[in-house]
Amino acid sequence: MPDWVHPAAILILGSVLVPFFKGRVKKVYLLVLPALAFLSVLTMSEGTYGVYHFLGQEITFGRVDKLSLAFAYIFTIVSFIGMCYGLHVREDGHHIASLVYAGSAMGVVFAGDFLTLLVFWEFLAFSSVFLILYRRTRAANNAAFRYILVHAFSGVCLMGGIFLQYTQTHSLAFNLVDLSGLAGGLIITSFIINAAVPPLGAWLPDAYPEATVTGAVFMTAFTTKSAVYVLARGFAGAEILIWLGTIMAVYGVVYAVLENDTRRLLAYHIVSQVGYMVAAVGIGTEMAVNGATAHAFAHILYKALLFMGAGSVLYMTGRSKLTELGGVYKTMPITFMLYMVGGFAISSVPLFSGFVSKSIVVSAAAESHLPWVWLFLTLASAGTFLHTGLKLPYFMFMAKDAGIKAKEPPTNMLVGMGLAAFLCIFIGVYPKFLYNLLPYAIDYRPYTPEHVVWTLEILLLTWLGFYIYIKKLGGESTISLDTDWFYRKGARHFMWVADRAIAAADTVVGEGYKTVVLASSIRTASGSLKFDLGIIDGMVNGVASTVLNLSSRMRRVQTGQLQHYAVAIMIGLFVLLNVVFFLL
Amino acid sequence: MNFLEKIFEYPHRVKILKGIIYAVMVVLVILDFFIHRHHEFFFWDKIPGFSSVYGFISCVLIIVVSKVLGKWWLQKGEDYYD
């Protein structure tokens with residue numbers, strides 16, 4: 001038994017065998033993989049593992065410390081819960097995509113250098129896109145296409161940043177990044193795209209509601225939270241994140257008022273919740289980073305639970321619009337109550353997990369004397385209860401009976417939700433469990449009389465506001481403009497005018513890029529460095545030309561082609577990872 | 001009929017529930033006058049019942065501002081992108 005087994009290896013390599021099992025054995029196998037990954041995290045001790053020398057560079061697969069362990073715990077736990085919820089799914093490809101996606105997130109969390117990070121960063125995007133494509137609707141295909149474009153852009157930014165960073169420092173180690181230069185700017189841009197920070201975050205509420213019922217549960221957990229992790233690792237204390245995070249927290253809440261689609265409303269609340277974490281990372285004190293970690297941990301559980309609840313309603317009724325739902329609690333009472341546990345947890349009702357995690361972030365803002373941050377985060381907190389705890393459940397489960405004949409979802413879905421709900425309450429009742437996992441020592445007591453009363457006052461008066469405006473809060477059959485307008489509508493106008501110009505520019509830029517970058521890198525490189533740069537460069541070129549190529553065909557690409565294309569990249573990346581794993 | 005329906009399908013029971021919520025609201029604000037505060041970071045931390053007022057203002061602000069933004073600018077027909 002080696003002293004360190006990478007959980008990503010268990011999940012990603014293990015997923016290859018999924019198609020070889022049938023029936024009950026397959027279901028057991030699907031649960032064993034995340035359970036094994038969890039065990040491997042549980043038995044890890046802090047240190048550095050999986051260090052290889054790759055042509056003069058040190059590659060670290062396993063940087064294990066308190067921060068990476070906290071995220072690794074919750075990622076493996078939610079993989080298990082998500083797998084349980086998705087056991088009934090028939091497509092092997094869907095399971096494989098989920099497992100590779102979860103494994104990539106583990107890879108990001110333990111990556112000690114930028115090259116490893118980059119590989120898993122790309123994996124994260126290209127495995128998750130399948131969870132949207134498997135929905136097999138036209139809307140989903142289009143959303144998947146936009147999703148992968150945005151994430152390819154994020155990958156290019158990261159790659160460019162790493163490249164610049166390497167030329168300046170000759171090191172690929174992934175630690176605190178200097179934000180003053182272009183390199184730091186590109187890297188943080190990539191991170192905040194994945195964290196869905198506006199104005200670069202419209203991909204999230206665009207794509208998640210189009211994903212499959214189970215796929216969306218996985219997606220809520222990994223992409224944004226691994227971005228929070230890398231931000232905490234690379235940019236803790238970067239002041240700009242305080243303001244971006246605070247804006248984000250309110251931004252998501254505003255859109256949630258206007259939203260009619262249940263899962264899109266929840267997606268906007270991911271944006272809002274991740275805002276707390278981004279702001280906390282920006283504050284950067286030990287307490288704030290603890291808060292970001294704790295909130296990520298709690299958030300992953302209750303957000304998965306909320307998506308499972310809304311997903312169950314979609315799965316059983318085929319409806320996801322508030323205007324078409326109502327009265328479902330009569331036939332789905334268990335789903336309703338489990339959803340409400342998630343709703344109370346995200347709203348930070350005492351005895352639920354959000355209460356013990358969100359308050360660390362808000363208190364960190366107070367201790368750092370940031371009154372505006374405190375006020376806006378508290379306002380967003382009221383908005384969270386208003387939508388996720390009141391509006392959504394009221395109009396989805398109660399309100400006017402839409403006369404839907406629904407049943408409770410299959411047992412495995414209920415069990416998945418039950419596990420998440422149990423943990424939401426467990427953490428709320430016994431916060432020490434969570435606090436012991438945090439990166440820094442913490443002396444924080446959430447259950448003081450002042451804090452409990454303070455929170456309950458906010459919650460109850462929010463309920464009063466909801467009750468007064470209840471007639472105006474029902475769903476409306478509209479969609480809301482977000483910054484994805486620029487590439488959905490704006491791009492179309494633009495291309496209508498300048499189709500040929502873009503095609504021409506595409507060729508020029510593509511050729512120019514190849515000539516300039518390749519030629520210069522060949523010239524400057526020597527010996528092993530040459531090979532090293534060649535690889536990085538090839539990857540830069542690959543993704544860059546991918547984006548250029550895709551953008552020129554924006555409106556023309558057929559669904560099938562995109563799928564084939566994504567498969568090819570998946571296979572390529574998979575081979576690359578295997579090479580890295582075994583040959584080094 | 002599940003036990004939730006036994007509450008929510010009877011208007012007089014819902015009314016009792018609401019009465020309880022109002023009562024708790026009042027009790028909380030009264031309690032707020034007597035609770036000892038360990039931390040006072042901002043001036044409003046000293047004001048009893050501040051979080052009730054702020055919670056209500058937040059809720060109304062969010063609803064009104066978002067609805068106005070939606071009506072004047074952000075909300076479009078469902079076929080807008082088709």
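Proteins get letters first, then strands, A, B, ... in listed order; numbering begins at 1 in each.
- Proximity to chain B (any heavy atom under 4.5 Å) is restricted, for Trp463(A), to the side chain, taken from C-beta onward.
- When heavy atoms are compared at a cutoff of 4.5 Å, Phe376(A) approaches chain B solely by way of its backbone atoms N, CA, C and O.
- Neither the backbone nor the side chain of Lys391(A) comes within less than 4.5 Å of any heavy atom of chain B.
- Relative to the ring axis of Tyr467(A), Lys18(B) does not place its NZ or CZ within 45° and under 6.0 Å from the centre.
- For Ile35(B), the part lying near chain A is the side chain, with the backbone staying farther off; criterion is any non-hydrogen pair under 4.5 Å.
- Both the backbone and the side chain of Tyr80(B) come within contact range of chain A, with heavy atoms under 4.5 Å apart.
- Among Val65(B), Leu31(B), Ile62(B), the residue making the largest number of heavy-atom pairs under 4.5 Å with chain A is Ile62(B).
- Looking at Tyr329(A), the atoms closer than 4.5 Å to chain B (heavy atoms on both sides) sit in the backbone and in the side chain alike.
- In this structure, chain B has a heavy atom under 4.5 Å from the side chain of Ile468(A), while its backbone stays farther away.
- Formation of a donor-acceptor pair under 3.5 Å by the Asn2(B) side chain with backbone atoms of Lys330(A) is found in this model.
- Heavy atoms closer than 4.5 Å to chain B are found in the side chain of Leu386(A), but not in its backbone.
- Of the listed residues (Ser480(A), Pro371(A), Ala380(A), Ser381(A)), the greatest number of heavy-atom pairs within a distance under 4.5 Å of chain B belongs to Pro371(A).
- Distance CG/Asp261(A) to CD/Glu78(B): 9.0 Å, rounded to 0.5 Å.
- Considering only heavy-atom pairs separated by less than 4.5 Å from chain A, the leading option among Ser52(B), Gly77(B), Gly55(B), Gly70(B) is Ser52(B).
- With a 4.5 Å cut-off on non-hydrogen atoms, His387(A) touches chain B through its side chain but not through its backbone.
- Annotation: the span from Thr478(A) atom OG1 to Lys76(B) atom NZ amounts to 10.5 Å, rounded to 0.5 Å.
- Proximity to chain A involves both the backbone and the side chain of His38(B), based on heavy atoms less than 4.5 angstrom apart.
- In this structure, Lys472(A) NZ and Ile63(B) CD1 are separated by 10.5 Å, a value rounded to the nearest 0.5 Å.
- In this structure, chain B has no heavy atom under 4.5 Å from any part of Ile334(A).
- One finds the CG atom of Leu28(B) at 11.5 Å from the CD1 atom of Ile458(A) (value rounded to the nearest 0.5 Å).
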Review point. For Thr448(A) and His39(B), what are the C-alpha separation, side-chain angles and deciding distance, and is it a side-chain contact (heavy atoms from CB on, under 4.5 Å)?
Key: CA-CA 11 Å; Thr448(A) 58; His39(B) 301 290; over 6 Å; no
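- Comparing Leu460(A), Leu473(A), Val250(A) by how many heavy-atom pairs each has under 4.5 Å with chain B, the most go to Leu460(A).
- Atom OG of Ser51(B) sits about 8.0 Å away from atom CG of Leu461(A), to the nearest 0.5 Å.
- No side-chain heavy atom of Ile479(A) sits less than 4.5 Å from a side-chain heavy atom of Gln75(B).
- With a 4.5 angstrom heavy-atom cutoff, Lys67(B) touches chain A via backbone and side-chain atoms both.
- Contact annotation: the side chain of Tyr81(B) approaches that of Leu481(A) to within less than 4.5 Å [non-hydrogen atoms, C-beta and beyond].
- At most 12 heavy atoms of other shown residues, nucleotides or ligands fall within 6.0 angstrom of atom CZ in Arg445(A).
- Only the side chain of Glu476(A) comes within contact range of chain B, with heavy atoms under 4.5 Å apart.
- Here the closest heavy-atom approach between residue Cys59(B) and residue Gly465(A) is recorded as SG-CA, 3.7 Å.
- Ranked by heavy-atom pairs under 4.5 Å with chain B, the first of Thr455(A), Val253(A), Leu379(A), Leu459(A) is Leu379(A).
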Exercise for review: Start with the C-alpha distance between Leu464(A) and Tyr22(B), add both sets of side-chain angles, then the distance that settles side-chain contact (heavy atoms from CB on, under 4.5 Å), and finish with yes or no.
Suggested key: CA-CA 9 Å; Leu464(A) 185 66; Tyr22(B) 287 127; 3.6 Å; yes
**Study point:** Trp454(A) and Tyr54(B): CA distance, side-chain angles, deciding distance, ring pair (Phe, Tyr, Trp, His ring centres under 6.0 Å) verdict
**Key:** CA-CA 10 Å; Trp454(A) 177 83; Tyr54(B) 189 67; 8.9 Å; no
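- Among Leu61(B), Ile21(B), Val53(B), Val24(B), the residue making the largest number of heavy-atom pairs under 4.5 Å with chain A is Ile21(B).
- When the candidates Phe50(B), Trp44(B), Phe3(B) are compared by the number of heavy-atom contacts under 4.5 Å with chain A, Trp44(B) comes out ahead.
- Interface remark: Phe336(A) contributes side-chain atoms only to the contact with chain B (heavy atom separation under 4.5 Å).
- Heavy-atom contacts from other residues, nucleotides or ligands closer than 6.0 Å to CZ of Phe486(A) number 12 or fewer.
- The two residues Phe41(B) and Ala366(A) come nearest to each other via the heavy atoms CD1-CB, 3.5 Å.
- Between atom CD of residue Glu40(B) and atom CD of residue Glu450(A) there is a gap of 8.5 Å, rounded to the nearest 0.5 Å.
- Of the atoms belonging to Val64(B), it is side-chain heavy atoms, and not backbone ones, that fall under 4.5 Å from chain A.
- Proximity to chain A is limited to the side chain of Leu69(B), based on heavy atoms less than 4.5 angstrom apart.
- Contacts between Asp79(B) and chain A at a heavy-atom distance below 4.5 Å are absent for every atom of the residue.
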